[in-house]
Enquirer: 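Okay, here's the structure, questions in a sec.
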Amino acid sequence: MSLSPNQQRWKRFRQNRLGYFSLLVFSFLFIMSLFAEVLSNDKPLIIHYHGSYYFPLFHDYPETTFGGDFPTPADYLDPYIRDRFSKNGNWAIYPPNVYSFNTINYFATLPNPAPPNAENWLGTDDRGRDVLARALYGFRVSVLFGLALTAVGVLLGVLAGAIQGYFGGKIDLFFQRFSEIWGSMPELYLLLIFASIFQPSIGLLLLLLSLFGWLTLADYVRAEFLRNRQLDYVRSARALGLGNARIMWRHILPNSLTPVITFLPFRMSVSITALTSLDFLGLGVPPSTPSLGELLAQGKDNLDAWWIGVTAFSVLFITLLLLVFIGEGLRDAFDTRKARR
């Protein structure tokens, strides 16, 4: 039984062991990061205390609930509270790493930044926060931001490139001049200006970077539409009376997705690098948000605490390396010359 073109591409991608293995590893790491609250948190997953069950991940309980003296939220790292969970049939199930990204262990015995030890597997930063938790949550923020920025860039790039390539003429000429002018604007200076005016946030950063992230992909899609609009199947569709929108969406776009799909991992790596760079410069997400760039900045400011910089660099290096291998695998899978061979 003959395979469809998409099945053949998937088969070629699976034969690229490096790209396929990278996709599996990256998917596994990303899925694990989505459950970061279960893997790394300063709150127990479930507590059994005096015959009742408590779920601190979903509800805050005061300290008095577990025999404390104050009505403030319980500190589950407090030795007194932890001791209450180990007596009289009481118990608590903690995550594998008992620190969240913003947890400060006030009961630590080592000064900050502390090197890797039994309590903090990758050490702490200069504020006493767990480096492993910061890296795990920062990886999730970076990947989600990269996915969102890539999705917006693909949407705008495909729309702009399709209109340019399909209609051509004055519309194409106008869009080309607009793209040249828009692409020559100093993106970093605009980010500096907006960072000084508005409160830094992920939404604002996503909006600003999306304004420039579609330009490269639009050129590829435009070239594909310019090539495909003169083919026989498009002329036949016009002769049958189909509208422009339907021809673009149902006939030309499916045959122009090769550069879009192969572009995705590389675009995502660029998005993650952009977020990390801006966070490193202090222009990215708010300070309380876990970030690989902020972790790199701490590594630069604390050169004697080598574990901070090494952890941030390793996570960033592995992430970008996996995305590059995935992109190369997709590029080879969609290469018609290699398919013929």
Side-chain angles (χ1 to χ4, degrees), residues 32-141 144 199-202 279 282 284-292 294-295 297-299 301-302 304-305 307-308 311-312 315:
M32 294 293 289
S33 70
L34 295 179
F35 298 93
E37 286 78 8
V38 178
L39 299 174
S40 182
N41 207 320
D42 55 0
K43 298 178 181 179
L45 304 178
I46 182 174
I47 298 174
H48 179 265
Y49 186 77
H50 288 174
S52 300
Y53 292 91
Y54 301 90
F55 302 91
L57 288 181
F58 307 101
H59 183 74
D60 292 330
Y61 301 101
E63 186 179 305
T64 53
T65 304
F66 308 110
D69 300 324
F70 303 100
T72 55
D75 183 358
Y76 299 100
L77 297 181
D78 188 339
Y80 173 78
I81 298 296
R82 302 188 73 167
D83 183 65
R84 301 285 295 181
F85 294 154
S86 61
K87 295 181 178 180
N88 301 323
N90 303 322
W91 49 266
I93 300 178
Y94 282 82
N97 187 41
V98 294
Y99 301 98
S100 185
F101 65 90
N102 58 352
T103 302
I104 298 178
N105 186 9
Y106 295 102
F107 307 96
T109 57
L110 297 174
N112 299 317
N117 53 77
E119 293 184 357
N120 304 99
W121 299 340
L122 294 180
T124 62
D125 61 9
D126 54 5
R127 302 177 190 176
R129 298 172 299 188
D130 186 68
V131 173
L132 174 59
R134 299 287 294 180
L136 176 61
Y137 284 85
F139 171 78
R140 181 175 68 177
V141 170
L144 290 176
Q199 183 71 21
S201 65
I202 294 181
D279 288 338
V285 297
S288 59
T289 306
S291 165
L292 297 179
E294 189 266 345
L295 207 58
Q298 284 212 35
D301 296 334
N302 302 275
D304 54 332
W307 54 89
I308 302 177
T311 301
V315 173

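All values derive from a computational prediction rather than experimental measurement.
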Enquirer: Please determine whether a side-chain nitrogen of the Lys or Arg among Arg84 and Glu63 lies less than 4.0 Å from a carboxylate oxygen of the Asp or Glu.
Expert: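 Salt bridge: no.
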Enquirer: Taking Glu119's backbone N and O only, do any of them form a donor-acceptor pair with Asn117's side chain (distance below 3.5 Å, no angle check)?
Expert: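 Between the backbone of Glu119 and the side chain of Asn117 there is a qualifying donor-acceptor contact (under 3.5 Å).
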Enquirer: For Phe139 versus Ser33, what's the shortest heavy-atom pair and its separation?
Expert: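 Heavy atoms only, the tightest pair is CD2-CB, 3.7 Å.
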Enquirer: Is there a side-chain contact between Leu144 and Ile202, using heavy atoms and a 4.5 Å cut-off?
Expert: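 No; the side chains remain at least 4.5 Å from each other.
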Enquirer: May I ask you to test the Asp301-Asp126 pair for a side-chain heavy-atom distance under 4.5 Å?
Expert: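 Counting from C-beta outward, Asp301 and Asp126 never come under 4.5 Å.
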Enquirer: OG1 of Thr124 to CG of Leu110: how many Å apart, nearest 0.5 Å?
Expert: 8.0 Å
Enquirer: Kindly compute the distance separating CZ (Arg134) from CZ (Arg127), expressed to the nearest 0.5 Å.
Expert: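 Between Arg134 CZ and Arg127 CZ, I get 7.5 Å after rounding to 0.5 Å.
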Enquirer: Output the distance between atom OG1 (Thr311) and atom CD (Gln298), rounded to the nearest 0.5 Å.
Expert: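 Nearest 0.5 Å value for the OG1-CD distance: 11.5 Å.
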Enquirer: May I ask you to test the Leu122-Trp307 pair for a side-chain heavy-atom distance under 4.5 Å?
Expert: no
Enquirer: Would you mind reporting whether Tyr61 and Tyr76 have side-chain heavy atoms less than 4.5 Å apart?
Expert: yes
Enquirer: Quick one: pull up CG in Asp304 and CG in Asn302 and give me the separation to the nearest 0.5 Å.
Expert: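 Atom-to-atom, Asp304:CG and Asn302:CG are 6.0 Å apart.
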Enquirer: NZ/Lys43 to CZ/Phe55 distance, rounded to the nearest 0.5 angstrom?
Expert: 14.5 Å
Enquirer: Using every non-hydrogen atom in the two residues, find where Pro56 and Leu45 come nearest and quote the distance to one decimal.
Expert: CD-O, 4.3 Å
Enquirer: For atom CZ of Phe107, decide whether the heavy atoms of other residues, nucleotides or ligands shown that lie under 6.0 angstrom number more than 12.
Expert: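 Yes.
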Enquirer: Taking the inter-plane angle between the rings of His48 and Trp91 on a 0 to 90° scale, is it parallel (under 30°), tilted (30 to 60°) or perpendicular (over 60°)?
Expert: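 Aromatic pair His48/Trp91 classed parallel.
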Enquirer: Angle between ring planes, Tyr94 versus Phe85, binned at 30° and 60°: parallel, tilted or perpendicular?
Expert: tilted
Enquirer: Can you tell me which residue among Asn97, Asp130, Asn41, Asp42 is in a side chain to side chain contact (heavy atoms under 4.5 Å, CB included) with Thr103?
Expert: Asp42
Enquirer: Which pair of heavy atoms, one from Tyr137 and one from Pro290, lies closest together, and at what distance?
Expert: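 Heavy atoms of Tyr137 and Pro290 come nearest at CB-CG, 3.5 Å.
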Enquirer: Taking Asp125 for the side chain and Pro113 for the main chain, is one N or O donor matched with an acceptor at less than 3.5 Å?
Expert: no
Enquirer: Does a side-chain heavy-atom distance below 4.5 Å link Asp279 with Leu292?
Expert: no
Enquirer: Does the side chain of Val131 come within less than 4.5 Å of Asn120's, by heavy atoms?
Expert: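 No. Closest side-chain heavy atoms not under 4.5 Å.
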Enquirer: Got a second to check how far Glu294's CD is from Phe101's CZ, nearest 0.5 Å?
Expert: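 One finds 11.5 Å between CD of Glu294 and CZ of Phe101.
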Enquirer: Side-chain contact, heavy-atom cut-off 4.5 Å: Val38 with Pro95?
Expert: no
Enquirer: So do Tyr99 and Leu77 actually touch side chain to side chain, heavy atoms under 4.5 Å?
Expert: yes
